[in-house]
Amino acid sequence: KCNNDDCSDNTNTIVATQLYDWYYAASFGLDSNGNAYIGVEDHDDGSSTDHLEFYACSNADCSASVHNELLTGPDTYYEMFTIAVGSDNFARIAVSDEANPVSFIRYIQCTNTDCSTKNNTVVDADETRHSYYVDLVLGANNNAYIAYSNQEGYKVAHCANIDCSSNNISVIDPDTVSDQMSIVLGTDGFPRISYTKVVSWPQFSLHYVQCTNADCSSRNSLNLDTD
């Protein structure tokens, strides 16, 4: 927690020590009180089991927190996920569940502060076990927009309700050689997406998509640069 503008004065809190073998990925969001929700992937090498852990900080420097495990599974990886916070002050998590033999894009709607109660929805599935990057933004009604990629290409899921059990998915680019993705909402309430993809290793291209409707079935796409 930074205590001044340049963070030269700060409070560094160890929120947790490893429950298993190693931490890999992390994401966080802040509630309206400035307290953090932190997610972390914790992998158990001994059993090849992955765990998605969740910590709800009870104060600004997170010296007090409540922990819950959101997902766990053998021969699985949760290394791509992102957290947003709804107007109800509860967390939302979009996660790439790289299970064997089928991968999933999951949406977790926490229904209390520590996410001990939640709705866990499978938004999409990929039988080739390749769900890659994922990002998340919430609309004014708390319904999510999820940008992600799998073996069918780069996609956007527009959740039609709060737990995303009803959704519309659009493929914005059928290319399957995917890399990073990011999503925000424009002032019109429609998504804007940037992503990179592999052209021919080690060459990448940078793309921008302006969605002109909610599910991005109508859009303007631009290749900004190729390196």
Side-chain angles (χ1 to χ4, degrees), residues 24-27 39-44 47-54 68-84 86 91-111 115 117-139 142-183 191 193-198 207 209 211 213-219:
Y24 184 77
S27 181
V40 62
E41 178 199 17
D42 195 359
H43 190 74
D44 182 353
S47 64
S48 295
T49 299
D50 221 32
H51 309 262
L52 184 58
E53 312 289 350
F54 182 81
N68 275 295
E69 185 172 80
L70 300 184
L71 296 171
T72 186
D75 198 13
T76 300
Y77 294 93
Y78 307 118
E79 59 189 8
M80 302 297 175
F81 66 94
T82 188
I83 294 177
R92 312 288 195 269
I93 302 102
V95 55
S96 173
D97 177 355
E98 295 183 42
N100 188 11
V102 180
S103 292
F104 306 96
I105 297 296
R106 295 184 181 275
Y107 183 69
I108 298 173
Q109 175 215 358
C110 300
T111 54
C115 211
T117 62
K118 57 189 175 293
N119 295 311
N120 181 348
T121 301
V122 173
V123 176
D124 200 357
D126 184 347
E127 295 184 1
T128 60
R129 200 192 180 188
H130 285 94
S131 295
Y132 296 108
Y133 298 93
V134 62
D135 198 19
L136 164 70
V137 67
L138 299 180
N142 282 317
N143 293 351
Y145 295 86
I146 305 168
Y148 62 98
S149 60
N150 61 20
Q151 287 297 300
E152 294 176 344
Y154 295 80
K155 297 182 177 182
V156 176
H158 172 221
C159 300
N161 55 4
I162 198 165
D163 64 1
C164 209
S165 56
S166 174
N167 58 72
N168 297 298
I169 297 173
S170 294
V171 178
I172 61 171
D173 187 334
D175 198 320
T176 60
V177 186
S178 61
D179 206 66
Q180 304 286 347
M181 296 188 76
S182 182
I183 186 170
I193 301 135
S194 65
Y195 62 94
T196 59
K197 66 179 181 180
V198 179
H207 299 259
V209 177
C211 302
N213 62 357
D215 62 7
C216 211
S217 57
S218 173
R219 57 191 175 270

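Positions are given from 1, in the same order as the sequence printed here. Excluded from the calculations below are hydrogen atoms, water molecules and symmetry mates; all remaining heavy atoms, backbone and side chain alike, are included.
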I108 vs N119, test: side chain to side chain contact (heavy atoms under 4.5 Å, CB included). Steps then yes/no. CA-CA 6 Å; I108 298 173; N119 295 311; over 6 Å; no
Just to verify, what does [X] make a side chain to side chain donor-acceptor pair (under 3.5 Å) with, not counting sequence neighbours?
X: N168; value: none
X: Y148; value: D124
X: S217; value: N213, D215

Once rounded to the nearest 0.5 Å, what's the spacing between atom CG of D44 and atom OG1 of T49?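 Answer rounded to 0.5 Å: 5.5 Å.
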Give the intermediate values and the outcome of side chain to side chain contact (heavy atoms under 4.5 Å, CB included) for residues N150 and S103. CA-CA 9 Å; N150 61 20; S103 292; over 6 Å; no
Write down the atom of [X], the atom of [Y], and the distance for their closest heavy-atom approach.
X: M181; Y: A147; result: CE-CB, 3.8 Å
X: L136; Y: L138; result: CD1-CD2, 4.3 Å
X: N161; Y: S165; result: ND2-OG, 2.9 Å
X: E41; Y: L52; result: N-CD1, 4.4 Å
X: P191; Y: Y145; result: CG-CD2, 3.4 Å
X: V134; Y: M80; result: CG1-O, 3.4 Å

Contacts of type side chain to side chain contact (heavy atoms under 4.5 Å, CB included), residue S194, not counting sequence neighbours: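 In terms of side chain to side chain contact (heavy atoms under 4.5 Å, CB included), with neighbours along the sequence ignored, S194 is linked to S182.
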Residues that V123 engages under side chain to side chain contact (heavy atoms under 4.5 Å, CB included), provided they are two or more places apart: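 Per chain and number, V123 pairs via side chain to side chain contact (heavy atoms under 4.5 Å, CB included) with I105, Y107, I146, A157, C164, N167, I169.
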Are E69 and L71 close enough that some pair of their side-chain heavy atoms sits under 4.5 Å apart? no
Is the gap between the ring centers of H43 and Y77 under 6.0 Å?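 H43 vs Y77: aromatic centres under 6.0 Å.
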Could you go step by step and tell me if Q109 and I162 meet the side chain to side chain contact (heavy atoms under 4.5 Å, CB included) rule? CA-CA 8 Å; Q109 175 215 358; I162 198 165; 3.8 Å; yes
With sequence neighbours excluded, tell me which residues meet ring-ring contact (aromatic ring centres under 6.0 Å, His included) with F81. none
